[in-house]
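Below is one structure, written out as structure tokens; comments come after it.
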Protein chains: 2
Amino acid sequence: MKNRKRTTIYDIAEKLNIAASSVSRALNNSNHVNEATKKLILKTAAELNYKRNTLASNLRKGQSKTIGVIVPFINQNFFSNVIAGIEEASYQKGYNLIICQSNELQSKEIKCVNTLINQHVDCIVISLSVDSNDHRHLQNVIDNGIQLIQFDRVADELETLKVINDNEQASEEAVSHMIEQGYKRIALLEGPQNLQIFRQRKTGYLNALKKHGMPILDELIIENAWTKELGANATRKLLNLPKPPDAIFASTSDFSALGVLEVASAMGIKVPSELGICGYSNEAFTEITSPSITTIDQFSVYMGKTVANLYFQELDNKEETEVIPKIISIKPKLIVRSSTKRIG
Amino acid sequence: MKNRKRTTIYDIAEKLNIAASSVSRALNNSNHVNEATKKLILKTAAELNYKRNTLASNLRKGQSKTIGVIVPFINQNFFSNVIAGIEEASYQKGYNLIICQSNELQSKEIKCVNTLINQHVDCIVISLSVDSNDHRHLQNVIDNGIQLIQFDRVADELETLKVINDNEQASEEAVSHMIEQGYKRIALLEGPQNLQIFRQRKTGYLNALKKHGMPILDELIIENAWTKELGANATRKLLNLPKPPDAIFASTSDFSALGVLEVASAMGIKVPSELGICGYSNEAFTEITSPSITTIDQFSVYMGKTVANLYFQELDNKEETEVIPKIISIKPKLIVRSSTKRIG
DNA sequence: TTTTAATCCGCAATCGATTGCCGACATTTA
DNA sequence: TAAATGTCGGCAATCGATTGCGGATTAAAA
């Protein structure tokens, strides 16, 4: 709070009795300024503890070197990892991050988008909130000349850059694995079907069953079981069926899978011998439950880096070759653990 | 990418054939403008899809309505929770967050600080990196008239606003609890002692021993065991002592405690009967290990909210009463779980 | 009807950095 | 020696929004 007034290029100019434009050029390392004066300016700038006012600079240059990120919750493992990845890649390029949480609410998501547009961010990175239905606010981003990149939870119909997981394939692989382990009645806990990722995971599940010539049993497919509690409730319901499942694929999240595991334990049902369990996301805890939970790794940090790098590539490429793929799909990896290992 | 050029107040002014200043006033809901024209302006602004250029506004007003946050890693539970808390409180006040990671490196921390100063953030919130030794960069923040708030890992000698946990007290409570459970030889895994929080936790440990008239055994105090791996190594060493401990307080983190638990399990040592374990942080996984781990909850989201609100209070209070406490200490809560429950 | 006050609105400066353009001077080439 | 080229520095406009001040119009008070 000492010098409320910060030193500007004018202060430096005045002190050295030169024009502010020269100071600006020197600080930007332009070659339109004599080497000697440049050194002098830099020295004086350091002495006066000069800090460039990025606001002014950005205003003039019409860019902000800032990327806005909107996620449902910052403190969910998957998202915080993606953000960490974005941050790492952006930092190297001298870009800053503005982070917003949509709290899974479209209404807040819209506000976040507007804030970021006002902030003149160069790029908005978003993973949709669960109740996101129409996408006018995203169209608005594009209309305002801001690069839009969607990741993970994407609106398919919008033609933007996207970084996604191959959910369908991963899901199919997981279910196939369970079938190979001898499970016959595999239940599916599905997430809100307005989100593409959950539709894809369901498709993967159905594909696997078809491929192995297994029947699709509607009573084993439970909607909207994507939190630990909902997963637990669904499990109670499933295990009390006349013909209960012998495996549960919690396609929504590991939290849901954890709910499954807890209910099974409480009911004295043995995992994996009597009930197989597979989650999604490879949350840290899946490794340390007993038994440990089979799950799918989404390479979240890598995903974040990919998002950022995609933006930077697109930036370099402007008006040039335009050969960059608009959609990058990252292949997730099935992590087989005890909760589904019945044989071998 | 449609209209590269966004509408400004001048566009609105021109269209309505009035002065830009009136537009500005209308948009700021000033009462120095006729109600009818105000309505007209607002309507036109909406029609033209006007978005305020926050950069220009902030430049003029000399503030940015932005809070910069620097943490070691975004994707560590504690920090992402604190950030979530800060975001929630800031959002309500119309403030944005710029997030940086120091990666536990002082060098990067300094760069982050400079970036944020350049960005003219109104406030910088920081939790120090582990190798943070001198604090000139923090002094620099203050000298630039930016409000500095430290949380959790703070530099004690700097007179700034601080939000901390009462580590000493929590630590003492945890160790006392273990003593009451009948543990006689309680080991301590300590963190890097240049960070105050770890010194405080050690002090709490020592206090508890003293209070209960128990000897302090140097061979049971292990330095720098603050990751899962280091915790595991330390445990191997401890359990191979001629007179091994019957309890381990992983004062650094739950990850460290997890390392302890894993080694104990691998060595066939029963927890809690043969070895008590207590962690720190109340990470989600501590609840689901078997046995579940006794730990200390730091109320991280609440901590974040407190940080943000502290800033806003200070803002309101400028030049006024100055009665706000400079240091807010949040009392953590001991969460007793199976890993230390030997009696009762 | 005249004075006073209130209400609106516009002019122009300002925030700090950047940049196109011009001119002064020095250096090189014809 | 004259012309052409290059180097360096300054002037002034610009980015978009805000705001102090003053002027004009209208309403209220005397």
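By convention in this document, chain letters (A, B, ...) are assigned in the order of the sequence lines, proteins followed by strands, and residues within each chain are numbered from 1.
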Q | Closest-nucleotide 5' rank along DNA chain C - winner of B:K61 and B:N17 | A | B:N17

**Q.** Gap separating the OG atom of A:S57 from the CG atom of A:L27, nearest 0.5 angstrom
**A.** 10.5 Å

Q. Salt bridge or not for A:K326 and A:E159, using N-O below 4.0 Å?
A. no

Q. So, are B:K108 and A:E87 salt-bridged, with charged N and O less than 4.0 Å apart?
A. yes

Q.
Within the 4.0 Å heavy-atom criterion, would you say A:N58 contacts the bases, only the backbone, or no part of the nucleic acid?
A. nothing

(Q) Exactly one of A:R153, A:E104, A:E109 should register a side chain to side chain donor-acceptor pair (under 3.5 Å) with A:S129. Which one does? (A) A:E109

(Q) Short of 4.0 Å, heavy atom to strand atom, which residues of residues 34-48 of chain B count as contacting DNA chain C? (A) B:N34, B:T37

Q | Atom CD of A:Q63: over 12 foreign heavy atoms under 6.0 Å | A | yes

**Q.** B:E47 atom CD, over 12 foreign heavy atoms within 6.0 Å
**A.** yes

Q.
Give the residues of residues 18-25 of chain A touching DNA chain C, defined as any heavy atom closer than 4.0 Å, sorted by residue number.
A. A:S21, A:S24, A:R25

Q: Please find the earliest and latest nucleotides of DNA chain C, in the 5' to 3' direction, that have an atom within less than 4.0 Å of any heavy atom of chain A.
A: C:dG16 to C:dG20

Q.
Do B:N81 and B:N77 pair up side chain to side chain, a donor and an acceptor below 3.5 Å, judged on atom types alone?
A. yes

Q: Answer yes if the side chains of A:K51 and B:N114 hold a donor-acceptor pair under 3.5 Å, and no otherwise.
A: yes

(Q) Side chains of A:Q106 and A:D134 only: does a donor on one sit below 3.5 Å from an acceptor on the other? (A) yes

Q) What's the spacing between B:I149 CD1 and B:C123 SG if we round to 0.5 Å? A) 4.0 Å

(Q) Within the 4.0 Å heavy-atom criterion, would you say B:N31 contacts the bases, only the backbone, or no part of the nucleic acid? (A) sugar-phosphate

